[in-house]
Amino acid sequence: MKRSDNFAFDDLQALLRFGHGKLTDTCFLLLNIADAKAAGEWLRTAPISSAITATPVPDTALQIAFSAEGLRAMGLQQSIIDDFSDEFIVGMAGDENRSRRLGDVGDNAPQHWSWGGQPNQVPHILLLLYAHKEGIDPWKKTVEGKTFSRAFQLLSILPTDDLGSLEPFGFVDGVSQPKIDWAGQQSSDQHERDRYSNMLAAGEVILGYPNEYGLYTTRPLIDPGKDSLASKLPDAEDEPALKDFGRNGSYLVIRQLHQDVSGFWQFIDKVSGSDLEKRDQLAARMVGRNRDGSPLAPLTAEPIPGIALKSKDNHFTYELDPIGNRCPIGSHIRRANPRSGDLPLGVFGFISRLIKIFGFGLKRPDEDLIASSRFHRLLRRGRAYGPILSPEDAVKPEAPEAERGLQFICLVANISRQFEFVQNAWFMSSKFGGLQQERDPLLGIREPLINDNKTDQFNQPAASGPAQKTCNLPQFVTLRGGAYFFMPGLRALQYIAASPTSKSGDQP
Ligand code: HEM
């Protein structure tokens, strides 16, 4: 039987399978646990949405995720928490080196965040509510029920707004996502993965399943002989004698990213000499797509697993645009997902592979510098916030200031190898794919390096002649808050709910 036939969708929170895109009204709550027993009581019957398909499609959804502090506050044994990854336990803002790697310095530094920036300020719970237009208030009332106010302390409601399919700079967002290989059909063997595939092993996003290395990501496993509460958890596939607390769960990364929309468009307008065509072209090249979401890179006729051949927005890799004449190497989407396979571009067949393995035949500096995309994919589930400001209005000097941005959310099975790697090595590093003096054009901080080398440029290679260089890019995006959460499977959620009243919490 293929795994998709028996994939435990009923134990999976829906957000792992669906983006709830039609549920345009949202309310993201940051909560602390005020009374763990009352919280357990609420959790036992909370209408958390599972990933099973239903007809008609539900018109509301509810998802929940816990920080390490939240799991502790629910009375989970420390030994279980210790088996989560270090990044999750230490937290997004809990280590200066991590902050430096993520670009969380200067105006982005945790001490300036409005939430989550101090160790004792990490929210216990992120509760995500979704409903149809105008439907969020009644849904919130239903969700809260009786025990809610006794169980939780509301820290804040994160702003979210319905901007249609756009993000605040005015580009269509949410176009490219990995396709989860629910059936476990695709090989993880590097000999069969020279080229890019958009199909991603379930274990790259969901704990308890093989990842792209063919391995199981570390997560808490419990001996049911020592903890009777664990008997209801799923079995660990790789350790059948143990129960898997992580299975069907995922890490949820959230970052509130403020976008300076007028600053972005006014800068681009200035360097384009207020020429509309040049302005749109530069902005598109920074993103890697036009505002309507269409890609700059040419579509390819070669099949790409996990992307329909007829997809006009996604059926491309960068093989037909190796030096970035069409879609610059430093553009946001090319950094975010270089669409690379296990071997660099242009390496086909046995001889070519051998030459590459022995390090000969390097034609361009970028050839060996971009890691295979499949180990660094993210399932994005963010939402925008703030009033819409069109690029046409944003360039006007009197453009109204406002808090606008993205509640960036991604789901991953390994925070450091996926989210932190992309953020650090591909966005914030000034060395990427042969580039030297630039970081991500949308997200990058612009501080020079210790040796004073600049990092505030953006290069557009030209088909003939030197690259077109844009200098002195300001910082367009500032971090307002963020945290790492764990979104448990529904059976693990019942374990958490029972923890405050069970004896297991007292076991050594
Ligand atoms: C305010 C901040 C951001 C803005 C305005 C922004 C905007 C965009 C836009 C317009 C696209 C193209 C549409 C699409 O393919 O879905 C995109 C793609 C993408 N972004 Fe961002 N983004 C932001 C932050 C981030 C962050 C923080 C990450 C990860 C750490 C990220 C990762 C990605 C990925 C993985 C893609 C898809 C690339 C592909 O598969 O081709 N973005 N973003």
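Remember, it's 1-based here, ligands and their atoms both numbered in the order they're listed. The structure displayed is predicted, hence computed values, not measured ones.
- Residue pairs that meet the salt bridge (charged side-chain N to carboxylate O under 4.0 Å, His left out) test with at least one member in residues 382-398, sequence neighbours left out, are Arg291-Glu392, Asp393-Lys396.
- A cation-pi arrangement is found for Arg17 relative to Phe9, the charged atom lying closer than 6.0 Å to the ring centre and inside a 45° cone about the ring normal.
- Every atom of ligand 1 is numbered from 1 in the order shown, and the set under 4.0 Å from a heavy atom of Phe427 is 26 (C), 28 (C), 29 (C), 30 (C), 31 (C), 32 (C).
- In this structure, a donor-acceptor pair under 3.5 Å is absent between the side chains of Asn97 and Ser99.
- For ligand 1, the polar-atom distance check finds no N/O of Val422 at less than 3.5 Å from any of the ligand's N/O atoms.
- Partners of Ser165 by side-chain hydrogen bond (donor to acceptor under 3.5 Å, both in side chains), not counting sequence neighbours: none found.
- The pair Arg195-Glu319 meets the salt-bridge criterion, with a side-chain N (NZ, NE, NH1 or NH2) lying under 4.0 Å from an Asp/Glu carboxylate O.
- Smallest separation of non-hydrogen atoms from Thr60 and Ala131: CG2-CB, 4.2 Å.
- In this structure, the side-chain hydrogen bond (donor to acceptor under 3.5 Å, both in side chains) partners of Ser176, at least two apart in sequence or on a different chain, are Arg339.
- No side-chain donor from either of Ser50 and Gln13 sits under 3.5 Å from a side-chain acceptor of the other.
- Protein N/O/S atoms closer than 2.8 Å to atom 21 (Fe) of ligand 1, listed by chain and residue number, are His332 NE2.
- At a heavy-atom distance under 4.0 Å, atoms from both the backbone and the side chain of Val175 approach ligand 1.
- Looking at ligand 1, you'll find an N or O of Ser176 within less than 3.5 Å of one of its N or O atoms.
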